[in-house]
Structures are given as structure tokens and as C-alpha cells.
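Because only heavy atoms are used, hydrogens play no part in the values below, and waters and symmetry mates are left out as well, while side chains stay in.
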Amino acid sequence: MITLKDIMTMVNGELLTPESVPEIECPKVFASDLMSDVLASAEPGSFLLTGLANPHVVSTCSVADVAAVVFVQGKRPDASVVGQARAKGLPLIATKMPMFEACSRIAVLFGVRGDGR
């Protein structure tokens, strides 16, 4: 199974919540900047990749039962958002990679081919 640590390594990410357990399993990944899409379509336990770094992300992830968030494109949430995530036990990772590159690298972990299989 793919873990938080595996994802962090693949995207050259920085763990913003160091108290998070790096062995958290990642069964699925969902990428979106629309929190309404996260609520409607993300499977519980998924990791979210997003370019949004505001408090709504943490609130949405809590409701949608998202397991972790990867902020792409060098976006970094402010201290209050990190604090909110810590209080909810939501691991946060930041990467400088654009969304497409981060998704492509993570797809390699899952063994996804270019044709989606």
C-alpha cells in the first residue's frame, strides 16, 4: 500500500504537520481546486491534491473524510490553517510542483499507465 511518506517522497514534499504518522495509507488520490467537487466525488480516505490553501480546504476534508492534503504549486497555508489541520489530525504536505506533475508522479506509484489503466 502507498503511504503518506511515499507520496511526500514522490512530490519532493515538505510535511507541514510533523506530528503526522508517515505510514498513513493512501488508497486513492483526488485532485481538485473546487471544494464542491471534493465533497461530491472524493472517496473517503483519499489524499487531496489542491492549489487552494485556505481554511475551507481543512473543513471540506473533514466533512469528506479526506486523509491528507498535498498543496501544489508552492502554495502554503498560513499558521491558522495548519493549526486547524493539526486539531483535526489532518496531515498537510506542501510541494513546489505543479498539479499535473505531482499527479503524474503519484500515478507512477499506483502503476497507472498513460491510457488510464
Side-chain angles (χ1 to χ4, degrees):
M1 181 60 71
I2 295 156
T3 65
L4 178 70
K5 184 177 180 179
D6 297 329
I7 300 281
M8 199 167 55
T9 299
M10 283 303 278
V11 300
N12 298 323
E14 174 189 354
L15 186 61
L16 303 178
T17 52
E19 66 281 354
S20 300
V21 178
E23 289 78 27
I24 294 171
E25 293 184 353
C26 174
K28 300 248 179 188
V29 174
F30 190 83
S32 183
D33 289 338
L34 296 173
M35 293 302 102
S36 58
D37 285 351
V38 174
L39 289 171
S41 302
E43 292 183 31
S46 295
F47 282 26
L48 172 66
L49 277 74
T50 187
L52 296 179
N54 61 45
H56 299 294
V57 173
V58 175
S59 299
T60 300
C61 288
S62 180
V63 171
D65 198 23
V66 168
V69 179
V70 179
F71 297 102
V72 297
Q73 300 171 327
K75 304 286 179 75
R76 297 179 67 89
D78 65 29
S80 67
V81 174
V82 174
Q84 183 184 5
R86 282 187 170 132
K88 294 183 181 285
L90 180 68
L92 304 178
I93 296 171
T95 180
K96 294 180 180 179
M97 286 182 192
M99 178 85 77
F100 181 81
E101 183 177 356
C103 288
S104 296
R105 287 184 178 211
I106 292 169
V108 169
L109 284 174
F110 283 95
V112 177
R113 299 177 359 179
D115 59 4
R117 292 188 274 171

With a 4.5 Å cut-off on side-chain heavy atoms, are [Y] and [X] touching?
{"X": "Lys75", "Y": "Thr50", "value": "no"}
{"X": "Ile106", "Y": "Phe47", "value": "no"}
{"X": "Leu52", "Y": "Phe71", "value": "no"}

**Q.** Contacts of Ser32 that satisfy side chain to side chain contact (heavy atoms under 4.5 Å, CB included) - sequence neighbours left out
**A.**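 Result, side chain to side chain contact (heavy atoms under 4.5 Å, CB included) vs Ser32: Phe30, Leu34, Asp37, Val38.
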Q. Can you list the residues that meet the side chain to side chain contact (heavy atoms under 4.5 Å, CB included) rule with Val21, with sequence neighbours excluded?
A. Glu23, Ile24
Which pairs would a plain distance check flag for residues 81-100, meaning a side-chain donor or acceptor within less than 3.5 Å of a matching protein atom at least two apart in sequence or in another chain?
unit_1	atom_1	unit_2	atom_2	d
Gln84	NE2	Ser59	OG	3.3
Arg86	NE	Glu19	OE1	3.1
Arg86	NE	Glu19	OE2	3.0
Arg86	NH2	Leu16	O	3.4
Thr95	OG1	Val11	O	2.5
Thr95	OG1	Met97	N	3.2

Write down the atom of [X], the atom of [Y], and the distance for their closest heavy-atom approach.
{"X": "Ala42", "Y": "Val66", "value": "CB-CG2, 4.5 Å"}
{"X": "Val69", "Y": "Cys61", "value": "CG2-SG, 3.5 Å"}
{"X": "Gly45", "Y": "Ala67", "value": "O-CB, 3.4 Å"}

Q | Worked verdict on Cys103 versus Leu49 for side chain to side chain contact (heavy atoms under 4.5 Å, CB included) | A | CA-CA 8 Å; Cys103 288; Leu49 277 74; 3.9 Å; yes
Same cluster for [X] and [Y] if Ile/Leu/Val/Met/Phe/Trp/Tyr side chains link at under 4.5 Å?
{"X": "Met8", "Y": "Leu4", "result": "yes"}
{"X": "Ile7", "Y": "Val72", "result": "yes"}
{"X": "Leu15", "Y": "Leu48", "result": "no"}

How long is the span from the [atom1] atom in [X] to the [atom2] atom in [Y], to the nearest 0.5 Å?
{"X": "Glu25", "Y": "Met1", "atom1": "CD", "atom2": "CE", "result": "5.0 Å"}
{"X": "Lys5", "Y": "Cys26", "atom1": "NZ", "atom2": "SG", "result": "15.5 Å"}
{"X": "Met10", "Y": "Phe110", "atom1": "CE", "atom2": "CZ", "result": "10.5 Å"}

**Q.** Polar contact flag, side-chain donor to acceptor under 3.5 angstrom, Thr9-Asp6
**A.** no
